[in-house]
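Each chain gets a letter, A, B and so on, in the order its sequence line appears, and its residues count up from 1.
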Protein chains: 2
Amino acid sequence: MESRIVNLRSKLDVYKAMTDGGNIADCPVRDVIQGLNGKWSSLLVMALAEKPYRFGELRRLVPDISQRMLTQTLYDLQRDGYVHREVFPTKPPSVEYSLTDLGRSMFGPLYELVQWAELNHDAVRGARAAFDARI
Amino acid sequence: MESRIVNLRSKLDVYKAMTDGGNIADCPVRDVIQGLNGKWSSLLVMALAEKPYRFGELRRLVPDISQRMLTQTLYDLQRDGYVHREVFPTKPPSVEYSLTDLGRSMFGPLYELVQWAELNHDAVRGARAAFDARI
DNA sequence: CAGAATCCAAACTGATACTG
DNA sequence: CAGTATCAGTTTGGATTCTG
């Protein structure tokens, strides 16, 4: 674990260079990770990783998302190439959303982070409680 | 890779249950991942993963962050237990920020995602360009 | 069914000025 | 040096209404 972090140090210099002299827009953290930063992006990718869903199904699956945010987040995910949108010209129409290959390849690392979050959820809650109590 | 995803399917049901019937606040994606969603959180964790930095050093390292956002993001990261803040009572005072054990353990998965972002940055840019051209 | 359009409230962010 | 305080602009998000 420690050696792994040490190995990564040289890679981190990339981000220093980007912030120092290079073009900030070329920083993957800013340009890619931040695109996944929306309130619902990760959750929807998680859902679609299981199987394709239709619009209404997703809405019921994530009941605290508004229609506007579901539409917009799916649009953004589609634009970045993570999600494929397929319209079936039935009456009334149905639309199916699924992960693209790019989206599936991103799900791997994302899920690692989600697993970490699940495992350390209590630690984070504890840290918050301790911090708030100390103030 | 495929079998790995299949193995994860049962885990994903957890999130369905949470959204369906369970308490939404207990969803780690909502309660932990979204806390890392700030514009600067990931970037600062990346920087601090290399070594501890002082406030002014971080500012120079990430030149497009405002003082306000640096203060606030470090505060939030500290509250969630990722960052340790140590004040040295010199004149003028100096404050050093470093990752906690929890923060370092989170850096692993986070860096996986950052590596993915770096590797697929062009693919994402291409998807955006293609999408925008098609409209 | 799957959205588009509109309006409004809240949150986020930055610029500036000030302080121990 | 490392903040805090205040204000203004921008973005985000939700509720509602309407449409093919």
Atom CG of Leu74(B) to atom P of dG3(D): distance rounded to whole Å? 8 Å
One would report the end-axis bend of the helix from dC1(C)-dG20(D) to dG20(C)-dC1(D), five pairs per end and rounded to 10 degrees, as 50°
Nearest whole Å is fine: how far is dA2(D) P from Ile65(B) CD1? 14 Å
With a 4.0 Å limit, can you tell me whether Tyr53(A) has a side-chain N or O closer than that to the phosphate oxygens OP1/OP2 of dA2(C)? no
Asn37(A) (side chain) donor-acceptor with Gly38(B) (main chain) under 3.5 angstrom: yes
What residue among Tyr97(B), Tyr75(B), Phe55(B) forms side-chain contact (heavy atoms from CB on, under 4.5 Å) with Leu70(B)? Phe55(B)
Would you mind building the protein contact string for nucleotides 15-20 of chain D? One character per nucleotide, 5' to 3', B for base within reach (heavy atoms under 4.0 Å), S for sugar-phosphate only, - for untouched. B----B
Thr73(A) side, atom OG1; Trp40(A) side, atom CH2 - distance, nearest 0.5 Å: 8.5 Å
So, is Tyr97(B) near the phosphate of dG3(D), with a side-chain N or O under 4.0 Å from OP1 or OP2? yes
Can a cation-pi geometry be assigned to Arg134(A) and Phe131(A), taking NZ or CZ under 6.0 Å from the six-membered ring centre and within 45° of the ring axis? yes
Residue Val95(A), side-chain heavy atoms: nucleotide from dA2(C), dA4(C), dG3(D) that is nearest: dA2(C)
Please report the shortest heavy-atom distance between Tyr53(B) and Leu48(B), naming the atom on each side. N-CD2, 3.8 Å
If the cut-off is 4.0 Å, is Arg54(B) near the phosphate of dG3(D), judged by side-chain N/O to OP1 or OP2? no
Taking only N and O in the side chain of Lys91(B), is any of them less than 4.0 Å away from OP1 or OP2 of dG20(C)? no
Evaluate the side-chain proximity of Asp31(A) to Arg128(B): yes if any heavy-atom separation is below 4.5 Å, no if none is. yes
